[in-house]
Amino acid sequence: MAAFNLTPSDPSTFILMGIPGLEAAHLWISIPFCIFFFIGLLGNFMVLFVVGKEQTLHKPMYLLLCMLALTDIGKSTSVVPKALCIFWFNLKSITVGGCLTQSFFLHTVSAMQSAVLVTMAFDRYVAICNPLRYATILTNARIAKLGFVGLTRAVLIMLPLPLLLRRLPFCGNHTIPHTYCEHIAVAKISCGDITFNRTYGLVIAFVVIGLDLTLIALSYGVIIRAVFRISSKKAHQKALNTCTAHICVMLTSYASSLFSNLTHRFGQGIAPHVHIILANHSFLVLPMLNPIIYGVKNKELRDIVGKYIWVIIWGH
């Protein structure tokens, strides 16, 4: 890591401050962090377990739910354990390699989740607009291929981020006012020119989010047009009900990502602790809510999860 011009006394570490201004409340803040984290892990692992065990759920829609659950687990575990170490044990140091790895991983998983949401929109489009061809268009193998394409795109787009950070000089200041190594948060403490870091980060945010939102909007535009052509009001409601869970997850996910990206670059008037708490929202609250949203809206999944919970509690 010689490319980093860090302090000679400890040239291989950064310091994560947690939530600046609220250090005295770190222990109290850790309580909702811990609760949300474990509920999120429990919910997402339950989805993976149930879909894996039940042959009847080995369908494209549930494979996509598993992909979403994996990205939620990846997002939360890349950030929350280190944040809890800061809050509980004041373990603020992180190696440069660890910081770059965390930054790359959390951004890659976020981009992968966006690709999963686009594929889910395509799944709903085929299910509503071409129901008779659904089984031939969206096979499990095709869903797996789309997942691999999404992962490849995420890795290729995000790979330059740690390389861009690695070229920056850090002239004595290696204290990051954040709970995790967000790309721009790390770049901001550099004494070098971070124009390219800012530009690249903003471009990929709008390319990934903008492109994916456009594809989702096109899918739902066609879906809405198809739904309004159906004469039955009951059929209207049934068709739209199949989309509500995806719409809820999509809106919360993209709103959170856009807010975090924009406030890091243009939110100078926002108090740092407010920004950091809200930035952690997508790593805490969303992984907890996503399995709940799909569990509530999907009767088949809800009934099977309920059966397993009953067995766990009562043993039969």
Side-chain angles (χ1 to χ4, degrees), residues 44 47-48 51 54 56-72 109-154 157 205-258 282 286 289-302 304:
N44 285 295
V47 170
L48 293 173
V51 175
E54 289 291 324
T56 57
L57 298 183
H58 292 182
K59 306 172 188 175
M61 181 174 70
Y62 295 105
L63 292 181
L64 286 169
L65 280 182
C66 286
M67 289 183 191
L68 185 67
L70 286 171
T71 58
D72 279 334
V109 173
S110 297
M112 176 60 191
Q113 186 171 77
S114 184
V116 172
L117 291 173
V118 172
T119 311
M120 284 179 152
F122 181 61
D123 171 78
R124 291 301 84 205
Y125 158 73
V126 177
I128 292 171
C129 299
N130 291 286
L132 298 178
R133 297 181 59 205
Y134 181 85
T136 55
I137 294 174
L138 282 179
T139 61
N140 289 350
R142 189 159 288 164
I143 289 295
K145 287 176 183 176
L146 289 172
F148 180 74
V149 169
L151 178 61
T152 303
R153 182 193 73 158
I157 289 174
F206 278 105
V207 166
V208 172
I209 296 174
L211 175 62
D212 290 355
L213 275 176
T214 301
L215 293 172
I216 290 170
L218 288 172
S219 295
Y220 275 101
V222 178
I223 288 169
I224 291 168
R225 189 175 66 178
V227 167
F228 281 121
R229 285 178 177 173
I230 302 171
S231 56
S232 168
K233 193 172 182 180
K234 188 176 180 180
H236 272 186
Q237 190 174 4
K238 185 178 178 182
L240 291 175
N241 274 343
T242 64
C243 300
T244 51
H246 177 254
I247 292 170
C248 289
V249 169
M250 179 190 66
L251 289 175
T252 53
S253 178
Y254 284 118
S256 178
S257 296
L258 278 171
S282 65
L286 296 185
L289 287 181
N290 288 348
I292 295 172
I293 291 170
Y294 276 102
V296 168
K297 295 301 296 182
N298 189 302
K299 187 178 185 303
E300 187 179 16
L301 181 63
R302 183 173 70 244
I304 294 174

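Hydrogens, waters and symmetry mates play no part in the numbers below; they use all other heavy atoms, side chains included. What you are looking at is a predicted structure, and each value in this text was computed from that prediction instead of being measured.
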Run the numbers on Ile304 and Thr56 for side chain to side chain contact (heavy atoms under 4.5 Å, CB included), then give the verdict.
-> CA-CA 10 Å; Ile304 294 174; Thr56 57; 4.1 Å; yes

If you round to the nearest 0.5 Å, how far is CG of Leu68 from CG of Leu48?
-> 10.0 Å

Is Arg302 close to Tyr294 at the side-chain level, that is, under 4.5 Å between some pair of heavy atoms?
-> no

Check: Gly210 main-chain N/O paired with Thr214 side-chain donor or acceptor under 3.5 Å = yes

Does the distance from a Lys or Arg side-chain N to an Asp or Glu carboxylate O, for Lys59 and Glu54, drop under 4.0 Å?
-> no

So do Thr119 and Met67 actually touch side chain to side chain, heavy atoms under 4.5 Å?
-> no

Is it true that atom OH of Tyr62 has more than 12 heavy atoms of other residues, nucleotides or ligands lying nearer than 6.0 Å?
-> yes

Starting at CG of Leu211, measure out to CZ of Phe206 and round the result to the nearest 0.5 Å.
-> 13.5 Å

Heavy-atom closest pair, residues Asn44 and Ala69 | OD1-CA, 3.3 Å

Determine whether Arg153 and Val208 make a side-chain contact, defined as any pair of heavy atoms from C-beta on separated by less than 4.5 Å.
-> yes

To the nearest 0.5 Å, what is the distance between CG (Leu70) and CG (Leu65)?
-> 11.0 Å

Nearest 0.5 Å, what's the CG-CG distance between Leu146 and Leu151?
-> 12.5 Å

Taking the side chain as every heavy atom from C-beta outward, state whether Gln113 and Asn290 have any pair of such atoms under 4.5 Å apart.
-> yes

With rounding to the nearest 0.5 Å, note down the distance linking OG1 in Thr152 to CD1 in Ile157.
-> 10.5 Å

Decide yes or no on side chain to side chain contact (heavy atoms under 4.5 Å, CB included) for Leu117 and Asp212, but give the supporting numbers first.
-> CA-CA 8 Å; Leu117 291 173; Asp212 290 355; over 6 Å; no

Mind checking the OG-OH spacing from Ser282 to Tyr254? Nearest 0.5 Å is all I need.
-> 13.0 Å

All heavy atoms of Tyr134 vs all of Met61, minimum pair found to be OH-N, 3.9 Å

Going by heavy atoms in the side chains, are Met250 and Met120 under 4.5 Å from each other?
-> no

Can you tell if the side chain of Leu289 reaches within under 4.5 Å of the side chain of Thr252, non-hydrogen atoms only?
-> no

Sub-3.5 Å donor-acceptor pair from the side chain of Asn140 to the main-chain atoms of Leu63, do we have one?
-> no

Could you tell me which non-hydrogen atom of Ile143 sits nearest to which non-hydrogen atom of Leu138, and how far apart they are?
-> CD1-CD2, 3.8 Å

Of all the heavy-atom pairs spanning Ala111 and Ala154, show the shortest one and how long it is.
-> CB-CB, 3.7 Å

Output, in order, the C-alpha distance, side-chain angles, deciding distance and verdict of side chain to side chain contact (heavy atoms under 4.5 Å, CB included) for Tyr125 and Leu218.
-> CA-CA 10 Å; Tyr125 158 73; Leu218 288 172; over 6 Å; no

4.5 Å side-chain heavy-atom contact, Pro60 and Thr139 = no

Which heavy atom in Ala127 sits nearest to a heavy atom in Pro131, and how many Å separate them?
-> O-CB, 3.4 Å

Min side-chain heavy-atom separation Arg133-Val126 under 4.5 Å | no

